[in-house]
Asker: 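Could you have a look at this structure, given as structure tokens, before my questions?
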Amino acid sequence: MQNGLFYAVVGIMKQYKLTGWPELPANYHKIAYRRMLSDMSHRYVSVSQLCESSGVSKLEVRVFLQMLVERGLVLERDELPENGLLGPLGGWIRRTLQGDPIVR
């Protein structure tokens, strides 16, 4: 399936990055939530990446993100395919033109 068609059918996934360190409510005083904050403070990450790194369910990640979005503490962007037609070179060109930091 071509990339454009795939995104038209499935939709573009979002990535999130923390803009400030929040004071968390008591129900979020767990290591998993602090780990997600740490990941988001360094780079843009997707919901699936947050689930994988924290061990928290997708629903819990989405609720946590919604709380952060409502507080204005998260930047959102559409997730772009890293290896498009130009492979790794395409990712470098995109980062250079958009000014995005290197994600490792």
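In this chain, numbering begins with 1 at the start of the sequence shown.
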Asker: Write down the atom of S54, the atom of M36, and the distance for their closest heavy-atom approach.
Answerer: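 Closest pair (atom of S54, atom of M36, distance): CB-CG, 3.7 Å.
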Asker: Surrounding CD of E76 (heavy atoms of other residues, nucleotides or ligands, distance under 6.0 Å), is the total greater than 12?
Answerer: yes
Asker: For the backbone of Q15 and the side chain of S46, can you confirm whether one donor and one acceptor N or O come within less than 3.5 Å of each other?
Answerer: no
Asker: Let me confirm one number: the NE2-CZ distance from H29 to R34, rounded to the nearest 0.5 Å.
Answerer: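 CZ of R34 is found 5.5 Å from NE2 of H29.
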Asker: Going by the angle between their ring planes, with limits at 30° and 60°, are Y28 and F64 parallel, tilted or perpendicular?
Answerer: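 Ring orientation of Y28 relative to F64: tilted.
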Asker: Might you point out which heavy atoms bring M67 and P25 nearest each other, and give the distance in Å?
Answerer: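 Here M67 and P25 meet closest at CE-CD, 4.4 Å.
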Asker: Side-chain heavy atoms nearer than 4.5 Å, only ILVMFWY residues, links allowed to pass through others: does that put V56 and L65 together?
Answerer: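 The answer is yes; both residues are in one hydrophobic cluster.
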Asker: Sequence neighbours excluded, which residues qualify as salt bridge (charged side-chain N to carboxylate O under 4.0 Å, His left out) partners of K58?
Answerer: none
Asker: Going only through I, L, V, M, F, W and Y residues with side-chain contacts under 4.5 Å, is there a path from V63 to I31?
Answerer: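 No; tracing contacts between hydrophobic side chains, which count when under 4.5 Å, never links both residues.
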Asker: Only one of L50, L75, T19 forms a side-chain contact (heavy atoms from CB on, under 4.5 Å) with M40, so which one is it?
Answerer: L50
Asker: Linking I/L/V/M/F/W/Y whenever their side-chain heavy atoms sit closer than 4.5 Å, directly or via other members, would L68 and W21 fall into one cluster?
Answerer: yes
Asker: Is there a path of hydrophobic side-chain contacts, each under 4.5 Å between heavy atoms of I, L, V, M, F, W or Y residues, that connects L37 with Y44?
Answerer: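 The answer is no; the residues belong to distinct hydrophobic clusters.
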Asker: With rounding to the nearest 0.5 Å, note down the distance linking NZ in K17 to NE2 in H42.
Answerer: 10.0 Å
Asker: Should V47 and R62 count as side-chain neighbours, where that means a heavy-atom distance under 4.5 Å?
Answerer: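 Yes - at least one pair of side-chain heavy atoms lies under 4.5 Å apart.
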Asker: Hydrophobic clusters here meaning ILVMFWY residues chained together by side-chain heavy-atom distances under 4.5 Å, can you tell me if V69 and L24 are in one?
Answerer: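 Linked within one cluster.
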Asker: Between NZ of K14 and CG of D78, what distance do you get to the nearest 0.5 Å?
Answerer: 4.0 Å
